[in-house]
Structures are given as C-alpha cells and as structure tokens.
Amino acid sequence: MSDDKKLTSRGDNFSEWYNELVLRSELADYSPVRGCMVIRPHGYGIWERMQRALDDMFKATGHVNAYFPLFIPESFLSKEAEHVEGFAPECAVVTMGGGKVLEERLVIRPTSETIIYSMFAKWVQSYRDLPLLYNQWANVVRWEMRTRLFLRTMEFLWQEGHTAHATHDEAEVEARKMLGVYREFMEGHMAMPVITGLKTDSERFAGALRTYCCEAMMQDNKALQAGTSHNLGQNFAKAFDLSFQNEQGEQAFAWNTSWGVSTRMIGGLVMTHGDDAGLRLPPRLTPIQVVIVPIWKTDDERDATIAVAKRIAEELGSFKRPDHERIRVHVDDRVGIKPGAKYYHWELRGIPLRLEIGPRDLASQSGMLARRDTREKRAIAFDVLRAELPEILDQIQADMLTAARARLEANSIRQRISYDEFKNVMEGPGGFVYAGWNGDPAIEQRVKEETKATIRCIPDPEFRSPIAPTTCMVTGEPAKHEVIWARAY
RNA sequence: CGGGGCGUAGCGUAGCCCGGUAUCGCGCCUGCUUUGGGAGCAGGAGGUCGCCGGUUCGAAUCCGGCCGCCCCGACCA
C-alpha cells in the first residue's frame, strides 16, 4: 500500500485537500481550456439533484422557466452605467462570425439582466402584465484571472431569476423571498447552514439597489458567498425602457429583481462536509444514496450475494415507485476487487450508506449497514430495509446539518474584540467575527488591505447578537451596523 | 498582470547540477490463486521526455525563445 492512496489531510493543506478531493472523487477534471472544467457524472449528478430541488421551489413560488440567448449585443452591456463598469473587464467578446468581422460585437453573457429586460420591455405595457417571474438555467462566462474548480471557473452553470414588478415594495418582497428559498435549500438539502444578510455598497452587484446574500463557513473558516438576490430598483428598467401604464393611467418604470446560485455550491458542499477520507454527501443531493457491496469466496457465493443485492436494489429503487419513496441504490458487483477496496472507493465519493452482503448475511437475511458521516456500522434485516432506510437517510441529513451548524457557531466570535485581536484571529484560526462598524467604506477598505477580511454582510435580525455592539471595532466611533467580518473565497 | 513552483507512459515520480537513448510505484492487459477494510505471484503492453530553435559526434540533461498548468498576491460568483 503506497502513500498516494491517501488524500492530503485538511489540516496539512486545505487547498490541496480540496483540489485533490474534487479530482479523485471524480466530481470534475481540468479541461484543455484554461480556467474551464469538465463536470464529470458524479459532480453533474449532484448538480442535477440541486437543479431539481431548486426548480421545484421556484415553480412553487410562482416562477416560470424560459431561455434567452448566450450572445448579447455589446451595446446592451453599456446601457446601465454601473453594470458595464462592473462587468466589461471580465467579458469574453465575439468579434468574428462566418469568417467576417462582426458589425456589432457580441458579448458572451456574464449575466443576462440586459438581454432579459430588453425583452421584458417588449412584453409589458400595463400593470396588468406584471409581475413577470422568470428563471433560466444557463451557462455564463466571466474572464477570471485566477480560477479554482467549482469555486471560480471562467464558464459556470447557474440559474438566474429575473422579475419585474409594479412597485418597489413588491420587488423588495420578491428579492427577500428568493433569498429565503436559497437559505431553505442550502440548509434543507445541502445541510449547509448560512447567514443571510445585506451586502455593503462595496460588495453590491453592479447596477443593483441592494444585494442580499447567503454566506456559508467552510472548514478552513473562510466564508463562501453561496447565493445572491438583488433588488435592482429601476436602474435596468430605465436603461431598457421597461415601462408600463399604472392604475392611475401614468407611465411608470418597472422594478426588477435578479437572483442566482451556481455550480459553486458544489464546492461549498465539498468544503462543508468533506473529511480526510473523502466527500460526505447529504442524502438529498447524492446521486447514489446506498451502495451495496456483495462479498463472496466461492463462485456460488458470488452468484448468490450478487443476486440478492440486485433484488434489493430493484425493490428499493424501482422506477415504478413514486419519486419520494424511491431510494437511489447502486450495486458494486465488480469482480476482482476486494471488498475493502470498494469501501474506500465509495467513501472517497461520499455515498451516505453502504450495505455489505456476504454469505453469513444470506443465512441470517440481514446485512451490515455503514454510515459514511459517522462511520457507525450495524446489522439490519433485509425485510426492514424498505421501511427503515428512508428514516436513516433523513437522520443522516439532519445530523450533517447539526454538525455543520455546530462548527459554524464554534468558529464565530461574538464577544467584543479589539482590532488588534481581530488581526490575530484573521492571521490565525479565522472565522466569522461579529462586530460594530461605523458605516464608512474607507474603514472597510482599510481592514481589507490590512487583514484580507471583508464585510460578508450586515446580518438579518435573526443572526444578530443578543446585545448589539455599540462601537466600531476599528475606530471606536458609534456603530451604525453589526457586521460579519471574514476572509472569503 | 507581479512573485514562486512544475511540465518525463493514464496518474505520481527518479534521472538534469556532472550530455551517451529513461528509474520506480500505482493503474492497465493475460493467467492462476484470492475476496467480511486498499490482494499475491508470474508474464505483458504502454514514451515524439510540453513545443520550437541552438550548441554537440550525440540532448530528458546545456543555452535561447515560446506554450501550458498549479500555488501565493492584485481583481472577482
């Protein structure tokens, strides 16, 4: 057994652990194009589960899917001043087509506000046409300097919601509602607790009135912005003449929101739950929930255990079952590979449950069930699998969230600390520091330069400290907000 | 775009300083024996040493240029 079978440990080098794990668990691979990655079936399977769950939630909140083009006329980008300033530097631009120089260059969408609101403008005349509640599943391209698998790639997959409303307040409700949807998805499906809140101006989306976000804490105590929701105000409506006649018969500009989450969440999943043995996937998002490993000595035993394994898999996972009763089972019937090697294989890939079935188990009509998250192992009778597995999977899902939440709390600092102590925290263990801020962007900038930490958000009320800080951590002046400081991805 | 590192079989590497046709491990193929925590033995396949040029009788090795990747910064979902 050689050392290259062991994963770099999180403690030794977190960043190397992450890269190695993503590659070795076959979530993704580097591609021939710089900064772009190939999402392999195991990774894409997670994305498909994410899409399905989120899409259901979007539909249940009244949204519809549509699709807008990948190419955006370059002139569209520049119609909203702040937006063009924010995105122009990172745009890929098509200058040639069909062997000819294009009359107007085409930007490959970095985000679709401009093209979508230009179309909304055609479709909206009256307040009766509002609201428009659209979503699209798409790829976008941003010319990033430095890329990392899932966390920042030049092309990534995401969903972008785009809505238009008659009033500011309606748009505000929508932006907050979708932030809540994200939070519920991240906690309920990813088992990843998040802090929701408002971005400061420096971190606000280019062209938005207000940006709300979900911030998660990774195991190296750095923050990951996992989702954003923007109240765009009337900025884009004015740029694209998205106007309507209101009940009073006056022309008015619509109010827009946009909101998105991306394949970056897969990186968050890895860094939230992974351990030194590999991935740990939450039952709701894992492509395979239970892997069955048949064990044998003789050919007869091989045939018998594989037959039983397949029968169980068929019974639990049949497509004839309604979706919510179906368990995603895989039988690892590869010959010539010892059971132990299979255990390592599936542990690396994060499959929540493993069922071992050997000759002894056939006799007793039971198997050994091992949990990936806790590594507990116990016997379970075949005839209770169908009844008990869903409960066990739910338990794993819940336990993973509890564990992640405990880690988030353990690495959050709420007691008042001095700026010097803060610097030590950021140089050392890191974490989320709740502290007062005087509201001055210059202070935010200075802290960033001195500590690499940024204000992740002004947390929503339910995340704030019982006793609000009264003074700014840096200047000692009266605090305008309680904010969360952390280094971020 | 600045700093650092690295490109040798599918993967990871030795060799490079000191020039003579490439080492080892994993993986892969065949056979036999194995299989309840990473199997053993035997045999075998697989290489334009990132690319281009130079020096030399001879270059993975020395020199010049280029390309790519990773890490750390600046910038960003």
Side-chain angles (χ1 to χ4, degrees), chain A residues 1-8 13-16 18-20 23-24 26 29-37 85-91 110-111 139-160 182 199 202-206 211 213-216 223-230 258-268 277-278 293-299 301-302 305-306 332-348 354-362 367-368 370 375 377 379 448-449 452 454 488-489:
Chain A
M1 191 187 330
S2 65
D3 280 340
D4 63 50
K5 289 191 172 175
K6 288 203 196 81
L7 204 56
T8 299
N13 185 339
F14 191 79
S15 153
E16 207 170 305
Y18 174 81
N19 284 333
E20 234 180 274
L23 294 171
R24 287 173 56 174
E26 297 180 334
D29 202 353
Y30 294 111
S31 80
V33 183
R34 178 189 83 84
C36 295
M37 67 173 183
E85 199 185 321
F87 280 103
E90 48 180 300
C91 281
T111 179
N139 59 337
V140 286
V141 169
R142 299 179 188 179
W143 213 261
E144 299 290 349
M145 296 293 198
R146 199 178 140 204
T147 58
R148 296 203 57 189
L149 293 166
F150 288 114
L151 302 174
R152 177 164 296 103
T153 47
M154 296 217 306
E155 179 190 11
F156 57 93
L157 306 184
W158 76 346
Q159 70 47 229
E160 44 181 329
Y182 287 157
K199 284 292 188 194
S202 70
E203 301 264 330
R204 190 170 39 82
F205 176 77
T211 290
C213 62
C214 294
E215 296 284 328
L224 182 77
Q225 179 175 306
T228 50
S229 181
H230 317 288
S258 69
W259 27 275
V261 293
S262 71
T263 38
R264 174 182 248 200
M265 289 191 295
I266 296 173
V293 178
I295 299 162
W296 62 81
K297 281 199 199 328
T298 67
D299 287 358
E301 286 170 351
R302 182 193 64 209
T305 53
I306 289 179
D332 188 350
D333 59 359
R334 291 176 293 172
V335 296
I337 297 176
K338 296 183 72 164
K342 293 182 181 178
Y343 301 166
Y344 283 102
H345 178 92
W346 295 109
E347 280 168 4
L348 177 65
R354 177 181 74 237
L355 182 63
E356 306 165 13
I357 301 179
R360 292 202 297 270
D361 303 312
L362 292 190
M368 290 301 292
R375 304 204 160 224
K377 221 167 142 170
K448 185 176 180 179
E449 280 160 16
K452 293 181 206 159
T454 51
Y489 275 95

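Computed from a predicted structure; not experimentally measured. Throughout, a chain's letter reflects where its sequence line sits, starting with A, and its residues are numbered from 1.
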Say you pick atom [atom1] in [N] and the same atom in [M]; how far apart are they, in whole Å?
N: B:rG50; M: B:rA14; atom1: P; value: 14 Å
N: B:rU33; M: B:rC26; atom1: P; value: 23 Å
N: B:rG10; M: B:rC49; atom1: P; value: 13 Å
N: B:rG53; M: B:rA60; atom1: P; value: 14 Å
N: B:rA9; M: B:rC66; atom1: C1'; value: 25 Å
N: B:rU61; M: B:rA22; atom1: P; value: 15 Å
N: B:rG15; M: B:rG25; atom1: C1'; value: 16 Å
N: B:rG19; M: B:rU56; atom1: C1'; value: 9 Å

Measure the shortest side-chain to side-chain distance between [X] and [Y] over non-hydrogen atoms and say whether it is less than 4.5 angstrom.
X: A:Arg375; Y: A:Glu347; answer: yes
X: A:Tyr30; Y: A:Asn19; answer: yes
X: A:Leu23; Y: A:Asp29; answer: yes
X: A:Gln159; Y: A:Trp259; answer: yes

Run the side chain to side chain contact (heavy atoms under 4.5 Å, CB included) check on A:Glu203 and A:Thr211 step by step: do they pass? CA-CA 8 Å; A:Glu203 301 264 330; A:Thr211 290; over 6 Å; no

Selected nucleotide, minimal atom distance to [X] side chain, candidates [options]:
X: A:Glu356; options: B:rC76, B:rU35, B:rG36; answer: B:rG36
X: A:Lys448; options: B:rG37, B:rC75, B:rU35; answer: B:rC75
X: A:Pro339; options: B:rA74, B:rU35, B:rC76; answer: B:rU35

Could you tell me the separation between the [atom1] atom of [X] and the [atom2] atom of [N], rounded to a whole number of Å?
X: A:Glu449; N: B:rC75; atom1: CD; atom2: C1'; result: 13 Å
X: A:Lys377; N: B:rG36; atom1: NZ; atom2: C1'; result: 7 Å
X: A:Met368; N: B:rU35; atom1: CE; atom2: P; result: 19 Å
X: A:His345; N: B:rG27; atom1: NE2; atom2: C1'; result: 14 Å
X: A:Asp332; N: B:rU35; atom1: CG; atom2: P; result: 17 Å
X: A:Glu203; N: B:rC75; atom1: CD; atom2: P; result: 11 Å
X: A:Arg302; N: B:rU34; atom1: CZ; atom2: P; result: 13 Å
X: A:Leu362; N: B:rG36; atom1: CG; atom2: P; result: 15 Å

Over all atoms of both residues, closest heavy-atom pair of [X] and [Y]:
X: A:Glu160; Y: A:Thr111; result: OE1-OG1, 3.7 Å
X: A:Ala341; Y: A:Ile337; result: CB-CG2, 3.6 Å
X: A:Pro294; Y: A:Thr305; result: CB-OG1, 3.7 Å

Check: A:Arg375 side chain, B:rG37 base, donor-acceptor under 3.5 Å: no

Can you check whether any acceptor in the base of B:rG37 is under 3.5 Å from a donor in the side chain of A:Glu347, or vice versa? yes

How far apart are the C-alpha atoms of A:Lys199 and A:Glu215, what are their side-chain angles, what is the distance that settles it, and do they pass the salt bridge (Lys or Arg N to Asp or Glu O under 4.0 Å) test? CA-CA 10 Å; A:Lys199 284 292 188 194; A:Glu215 296 284 328; 2.7 Å; yes

Please report the interatomic distance CD(A:Gln225) to OG1(A:Thr454), rounded to the nearest 0.5 Å. 9.5 Å

Measure from the ring centre of A:Tyr343 to the centre of the six-membered ring in the base of B:rG37, then say whether that distance is under 5.5 Å and the planes meet at under 30°. no

Listing time: all N or O pairs from protein to nucleotides 2-10 of chain B that are below 3.5 Å?
none

Base, sugar-phosphate alone, or nothing: which one does [X] contact when heavy atoms must sit under 4.0 Å apart?
X: A:Thr153; answer: base
X: A:Leu224; answer: nothing
X: A:Arg354; answer: base
X: A:Glu144; answer: base

Could you say whether A:Thr228 or A:Pro359 is positioned toward the 5' end of RNA chain B, judged by the nucleotide with the nearest heavy atom to each? A:Pro359

Using heavy atoms to find the nearest nucleotide of RNA chain B for A:Thr298 and A:Met145 separately, return the residue whose nucleotide is more 5′. A:Thr298

Please list, chain by chain and in numerical order, all residues satisfying side-chain contact (heavy atoms from CB on, under 4.5 Å) with A:Ser202, sequence neighbours excluded. A:Thr200, A:Glu444

Taking only side-chain nitrogens and oxygens of A:Lys338, does any of them come within less than 4.0 Å of OP1 or OP2 of B:rU34? no

A:Phe205: what forms a ring pair (Phe, Tyr, Trp, His ring centres under 6.0 Å) with it, not counting sequence neighbours? A:His83, A:Phe87, A:His230

Return the set of residues passing ring pair (Phe, Tyr, Trp, His ring centres under 6.0 Å) with A:Tyr343 (not counting sequence neighbours), or none when no residue passes. none

Is A:Thr263 reaching over with its side chain to a backbone N or O of A:Phe156, donor-acceptor style, under 3.5 angstrom? no

Within the sub-3.5 Å range, which N or O atoms of nucleotides 66-72 of chain B have a protein N or O partner, and how far apart are they?
unit_1 : atom_1 : unit_2   : atom_2 : d
B:rC69 : OP1    : A:Arg34  : N      : 3.3
B:rC71 : OP1    : A:Asn19  : ND2    : 2.9
B:rC72 : OP2    : A:Arg146 : NH2    : 2.0

Applying a 3.5 angstrom cut-off to the pairing atoms, does RNA chain B sit in any stems of at least three consecutive Watson-Crick or G-U pairs? List them by first number. B:1-7 with B:67-73, B:10-12 with B:24-26, B:28-33 with B:39-44, B:50-54 with B:62-66

